[in-house]
Amino acid sequence: MVAGKVFSVLPLLGLVLGASIRLDARQNDGSSNSTAGPYGLSNADCSNITLSIPVNTTLTNFTGVDNTYSNQSYITQQVIEFTQAQANWTSEHVSNATHTLNRTFSIAGTYCKPRQGGDNDVLINLVHGIGFDSSYWDFALSPEYSVVKVAASYGYATFRYDRIGTGKSETPKGGFEVARAQTEVAILQGVLGQLRNSTTVGGKQHNKIVGVGHSYGSVQTQAVTAQSPELLDAAVLTGFTTNSSNLGGYLTAGSYSIANRIFPDRLGDKPDTWLVTGSNASDITGFFFPPHYAPEAFDLARATEQPVTLGSLFTVGDVGGVAQNFTGPVQVVNGANDFIFCSSNCWAGPNGTDIPSGVKMLYPAASNFTSYIAEKTGHGITAHYSQPEVAREIVTWIQSQNL
Ligand SMILES: *[C@@H]1O[C@H](CO)[C@@H](O)[C@H](O)[C@H]1NC(C)=O
Ligand SMILES: *[C@@H]1O[C@H](CO)[C@@H](O)[C@H](O)[C@H]1NC(C)=O
Ligand SMILES: *[C@@H]1O[C@H](CO)[C@@H](O)[C@H](O)[C@H]1NC(C)=O
Ligand SMILES: *[C@@H]1O[C@H](CO)[C@@H](O)[C@H](O)[C@H]1NC(C)=O
Ligand SMILES: *[C@@H]1O[C@H](CO)[C@@H](O)[C@H](O)[C@H]1NC(C)=O
Ligand SMILES: *[C@@H]1O[C@H](CO)[C@@H](O)[C@H](O)[C@H]1NC(C)=O
Ligand SMILES: *[C@@H]1O[C@H](CO)[C@@H](O)[C@H](O)[C@H]1NC(C)=O
Ligand SMILES: *[C@@H]1O[C@H](CO)[C@@H](O)[C@H](O)[C@H]1NC(C)=O
Ligand SMILES: *[C@@H]1O[C@H](CO)[C@@H](O)[C@H](O)[C@H]1NC(C)=O
Ligand SMILES: *[C@@H]1O[C@H](CO)[C@@H](O)[C@H](O)[C@H]1NC(C)=O
Ligand SMILES: *[C@@H]1O[C@H](CO)[C@@H](O)[C@H](O)[C@H]1NC(C)=O
Ligand SMILES: *[C@@H]1O[C@H](CO)[C@@H](O)[C@H](O)[C@H]1NC(C)=O
């Protein structure tokens, strides 16, 4: 799986103007926080935009699966069989036949430009993981939890979008054929191509793009650095390592259940093929490290949880690999207690190393490789008390790479 497959000017400006602008921002804006950047936490000017992303890609065929599954027995049976022997499940259910997926996807996103200080020409593209939509990056608990607001406080523009099946983007019906990692990598490539080549987002072409992912969004961002390195100038992979040994533990703990039955009011329109974690306990086990988050943070994450298909869950390890030709800088950011990618202890790597620094093997040509581990933090980093510090760490690292 994940392991098996491989698996400016601004810094100067910030230094010179930092102190005085920080003061101004505080005076002008009650919500700004002394721990964020020089322009304060109210510096993001956001607008929603829906993109049409054409995809024309070759996919392998699933075989012997029910693409329109609709009962829990079937879902749990597939999870059991997959977690017991991933390679067997794949050789049994992924055939050598291929077909072309030629389809245009409707992708809902939000572009936020800094009100002050946005003259660096860098765009940060944010891709969320499983269980969330793009609000992961603008976590509404408090402004300092928002990567979007922290980025703007340092003068960076951001674009974030809802992956298919989440938020306001379209939801494909089937549980295997369309919503899967390979399709989502193609969508990300299409989004990045539009950001670079068209003026659809923010009214200009974006020549410098930093790809930031969380979890499955990092898997996709990593795959882009391997398959089409020209699309990204830097990568920040959060909630991501090359160790997939607890993927089965996560899928089992998740008790994945039909979303329209768990959240009928909110997700009642989703086809039965779309799944969420079965209970608060399932969600906490996979994504949280108790008690290191505000109770309100869990409530918010659970109340906005978004669904996923078996097709996506079972293909997470099928994309990505060594990014031979990626020469930009790479930062890897993890919660020390990540259950999914570190079996709850990111410090316990081979031979006295830590697990996240192993990602370096995917980046032989990167100009910089930095690994950051946040203590007392689980996989769903954004909801933990450490998030304000993590968000600053990401943005100041980007700044430190002269972007
Ligand atoms: C600013 O952030 C710090 C920690 O990051 C937090 O303790 C403090 O309460 C925040 N202040 C405001 C005004 O939000
Ligand atoms: C953008 O969409 C979100 C929900 O998807 C909504 O909460 C927000 O108000 C919208 N923002 C603008 C500026 O329209
Ligand atoms: C779609 O992909 C096929 C197979 O790779 C290729 O032959 C065709 O030219 C592509 N079409 C477009 C419109 O890009
Ligand atoms: C592969 O999948 C496509 C799309 O579902 C289907 O049309 C095609 O018949 C399949 N090919 C084989 C050999 O099963
Ligand atoms: C559940 O669905 C599968 C196919 O998806 C079907 O074969 C099975 O009979 C169904 N089981 C129950 C208990 O409804
Ligand atoms: C997986 O396949 C191998 C080789 O065919 C077989 O020996 C093994 O028993 C299978 N494992 C499971 C859990 O089915
Ligand atoms: C698929 O291709 C692999 C490698 O070429 C081969 O070993 C395997 O037998 C093929 N599987 C089927 C079902 O044809
Ligand atoms: C892809 O779909 C578009 C629109 O439906 C169609 O015009 C085009 O010919 C298709 N391309 C391929 C390679 O099938
Ligand atoms: C962007 O445009 C250039 C020049 O037209 C083209 O070569 C390139 O393939 C396009 N890239 C994407 C990702 O669309
Ligand atoms: C890296 O770039 C070289 C030269 O352009 C090319 O030959 C090679 O196939 C690329 N490697 C990968 C893994 O894309
Ligand atoms: C750990 O160290 C041993 C002895 O030096 C070496 O043989 C082994 O390959 C190392 N393992 C890893 C994963 O680096
Ligand atoms: C990578 O960048 C970080 C942050 O600027 C810096 O501290 C570190 O020394 C750099 N690493 C290397 C190997 O240059």
Side-chain angles (χ1 to χ4, degrees), residues 5 49-71 74-75 77-79 81-82 86-109 125 127 161-165 168-201 205-206 209 211 216 219-232 258 270-275 307-321 323-325:
K5 201 73 189 182
I49 177 167
T50 299
L51 301 179
S52 286
I53 304 295
V55 161
N56 178 35
T57 192
T58 303
L59 298 176
T60 51
N61 280 30
F62 281 105
T63 178
V65 296
D66 182 353
N67 191 44
T68 56
Y69 54 81
S70 64
N71 68 61
Y74 180 82
I75 294 159
Q77 180 194 342
Q78 297 309 310
V79 169
E81 290 178 4
F82 181 82
Q86 292 170 25
N88 292 20
W89 191 94
T90 301
S91 65
E92 195 174 327
H93 293 295
V94 181
S95 80
N96 287 342
T98 60
H99 66 279
T100 299
L101 177 74
N102 177 28
R103 179 168 161 170
T104 296
F105 290 93
S106 170
I107 299 295
N125 183 69
V127 187
Y161 66 89
D162 298 329
R163 290 189 302 93
I164 49 173
K168 290 197 159 69
S169 290
E170 73 171 90
T171 300
K173 272 205 173 63
F176 286 99
E177 280 183 9
V178 176
R180 55 196 279 188
Q182 297 87 348
T183 304
E184 297 205 51
V185 170
I187 291 172
L188 173 55
Q189 289 168 325
V191 168
L192 294 170
Q194 283 200 14
L195 294 174
R196 281 207 188 273
N197 270 5
S198 79
T199 58
T200 324
V201 173
Q205 295 185 322
H206 301 278
I209 302 180
Y216 186 39
V219 168
Q220 294 168 25
T221 300
Q222 199 286 318
V224 168
T225 62
Q227 291 174 22
S228 26
E230 70 283 0
L231 288 175
L232 289 172
I258 295 173
K270 297 291 179 189
D272 290 349
T273 47
W274 288 83
L275 315 172
V308 63
T309 60
L310 290 178
S312 288
L313 291 171
F314 294 177
T315 53
V316 168
D318 296 345
V319 297
Q324 288 293 351
N325 290 339

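All ligand and atom numbering here is 1-based and tracks the order in the structure. This chain uses plain numbering: 1 for the first residue, then up along the sequence.
- Protein non-hydrogen atoms do not reach within 4.0 Å of atom 4 (C) of ligand 3.
- Lys173 places no side-chain N or O within donor-acceptor distance of the main-chain N or O of Thr68, the cut-off being under 3.5 Å.
- Residue, atom and distance of the protein heavy atom nearest to atom 6 (C) of ligand 3 are Asn56 ND2, 4.1 Å.
- Summary of contacts: the protein heavy atom closest to atom 12 (C) of ligand 8 is Asn102 ND2, 3.2 Å.
- For the side-chain contact (heavy atoms from CB on, under 4.5 Å) test with Arg180, the passing option among Ile164, Thr309, Thr60 is Thr60; the others fail.
- Gln182 places no side-chain N or O within 3.5 Å of a backbone atom of Leu59 that could act as its donor or acceptor partner.
- If you check which protein heavy atom lies closest to atom 13 (C) of ligand 4, you get Ala97 CB, 3.5 Å.
- The nearest protein heavy atom to atom 9 (O) of ligand 4 is not closer than 4.0 Å.
- Judged purely by atom type and a 3.5 angstrom limit, Gln194 uses its side chain to pair as donor or acceptor with the backbone of Ser52.
- Near Glu177, meaning under 4.0 Å from any of its heavy atoms, are these atoms of ligand 4: 5 (O).
- In this structure a side-chain-to-backbone donor-acceptor pair under 3.5 Å is present from His93 to Gly64.
- Residue contacts with ligand 4: Asn61 is placed with a nitrogen or oxygen under 3.5 Å of a nitrogen or oxygen of the ligand (distance criterion only).
- Geometrically, ligand 3 and Thr58 share no nitrogen or oxygen pair separated by less than 3.5 Å.
- With 3.5 Å as the limit, one finds no donor-acceptor pair spanning the side chains of Thr50 and Lys168.
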